[in-house]
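For reference, the structure is listed below as structure tokens.
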Amino acid sequence: NPLRWNGLRQWYFNFSSDSLELFLLRDNIFLLTDLVDDWASGPPPEYLVFVPFKYHLDLRLSNIKLYLNVNDGNIVDDPTDLEDNAYISISSPLLQSTTCIPLDTYRPSRNAIPFDIRMDTASVSLHLPPWNTQASFLKKSDVGHVESLAFDGSYHYNANTSPANTDTLVLSMSAQSPVARLHGFV
């Protein structure tokens, strides 16, 4: 804690994992957004007792495999069942990510969460269950490979909900030596 009254408090969280298999759905993104909102929720404090915070989150994920569901019609019954769902999977020997959740402004109308995600190498593949028609036509599941993949940007969200408010994502991506294998049917 700082040595002055209501000074900026900075909390650091470092997470590491090895051989993580993460099944990510769109609803998980809403869950993370709600989690950030919960950290900043509650009755608004009086200005004189407002305490600014910054939460710094660092991830280091070794041998990660990320599964993004691509079922027809986006119908998902059991999101982790490999025999029942189609996925685009992204794997990497190392994913590093940093972000900061700034809660250091008194009652802002908008807030931005900056992030930086880096992978030395990443492989993309298409996983199809055996009953899927496309599975019988694909000889290889590899879709692509890339080196030095980096994403940085920020997620801008509004403090209150309204049809007039739009949350935005500003995203920059860079990569080296991309290789893509595209499948098509005639």
Side-chain angles (χ1 to χ4, degrees), residues 1-17 20-62 64-71 73-76 79-80 85 87-90 92 94-120 122 124 146 148-176 178:
N1 283 334
L3 297 177
R4 63 187 191 106
W5 177 256
N6 291 353
L8 176 65
R9 286 161 171 80
Q10 299 196 54
W11 288 13
Y12 293 88
F13 299 90
N14 297 311
F15 300 98
S16 63
S17 178
L20 175 68
E21 290 188 354
L22 180 62
F23 293 83
L24 191 61
L25 298 172
R26 186 170 184 235
D27 286 344
N28 297 127
I29 303 302
F30 294 137
L31 175 70
L32 292 173
T33 303
D34 288 345
L35 178 64
V36 171
D37 287 342
D38 284 348
W39 269 342
S41 68
E46 295 293 325
Y47 179 74
L48 295 175
V49 293
F50 170 73
V51 179
F53 276 92
K54 282 189 177 181
Y55 297 100
H56 300 272
L57 307 172
D58 293 318
L59 296 175
R60 183 179 173 88
L61 307 175
S62 301
I64 186 170
K65 197 160 196 177
L66 175 65
Y67 292 94
L68 305 172
N69 196 294
V70 290
N71 283 354
N74 201 26
I75 298 172
V76 180
T80 61
N85 296 297
Y87 300 97
I88 290 178
S89 66
I90 303 168
S92 177
L94 180 63
L95 180 145
Q96 293 180 306
S97 174
T98 59
T99 188
C100 176
I101 301 171
L103 303 175
D104 56 346
T105 305
Y106 181 73
R107 299 181 73 180
S109 60
R110 290 180 53 93
N111 209 349
I113 299 176
F115 59 87
D116 182 62
I117 302 169
R118 300 195 179 276
M119 291 184 230
D120 290 335
V124 181
V146 69
S148 299
L149 182 61
F151 297 96
D152 63 64
S154 57
Y155 177 66
H156 301 263
Y157 67 95
N158 293 284
N160 57 4
T161 56
S162 165
N165 292 341
T166 303
D167 296 347
T168 56
L169 174 68
V170 177
L171 181 67
S172 296
M173 181 185 116
S174 66
Q176 292 180 353

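Scope of the values below: all heavy atoms of this structure, side chains included, with no hydrogens, waters or symmetry mates.
Leu94 and Ser62 make their closest contact through CD1-OG, 4.0 Å (heavy atoms, listed as atom of the first residue, atom of the second, distance). Nearest approach of Thr166 to Arg110, heavy atoms of both residues: O-NH1, 3.6 Å. Closest of all the heavy-atom pairs between Pro52 and Asp104 is CB-CA, 3.6 Å.
In this structure, Leu171 and Phe151 have side chains that are in contact, with non-hydrogen atoms separated by less than 4.5 Å. Between Leu149 and Met173 the shortest side-chain heavy-atom distance falls below 4.5 Å. With contacts defined as side-chain heavy-atom distances shorter than 4.5 Å, the pair Asn111/Pro102 qualifies.
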| field | Test log, rule side-chain contact (heavy atoms from CB on, under 4.5 Å), inputs Phe50 and Asn6 | value | CA-CA 7 Å; Phe50 170 73; Asn6 291 353; 5.6 Å; no
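One distance of note links CZ of Arg118 with CG of Leu59; it measures 14.5 Å at 0.5 Å rounding. How far NE2 of His156 is from CG of Asp167: 10.5 Å, rounded to the nearest 0.5 Å. Atom CG in Leu20 sits 12.5 Å away from atom CZ in Phe15 (nearest 0.5 Å). Atom NZ of Lys65 sits about 5.0 Å away from atom OG of Ser89, to the nearest 0.5 Å. Note that OG of Ser92 is 9.5 Å distant from CG of Leu61, once rounded to the nearest 0.5 Å. Taken from CZ in Phe53 to CG in Leu103, the straight-line distance is 8.5 Å, to the nearest 0.5 Å.
At least one donor-acceptor pair under 3.5 Å links the side chain of Thr99 to the backbone N or O of Pro114. Distance alone, capped at 3.5 Å, places no donor-acceptor pair between the Arg107 side chain and the Thr105 backbone.
Between Phe115 and Tyr155, a ring centre-to-centre spacing not shorter than 6.0 Å is recorded.
Aromatic ring pairs are classed by plane angle as parallel below 30°, tilted from 30° to 60° and perpendicular above 60°; the pair His56 and Tyr12 is parallel. Ring geometry for Phe23 versus Tyr67: interplanar angle under 30°, hence parallel rather than tilted (30 to 60°).
Between Arg60 and Asp58 no salt bridge is recorded (no basic side-chain N to carboxylate O distance below 4.0 Å).
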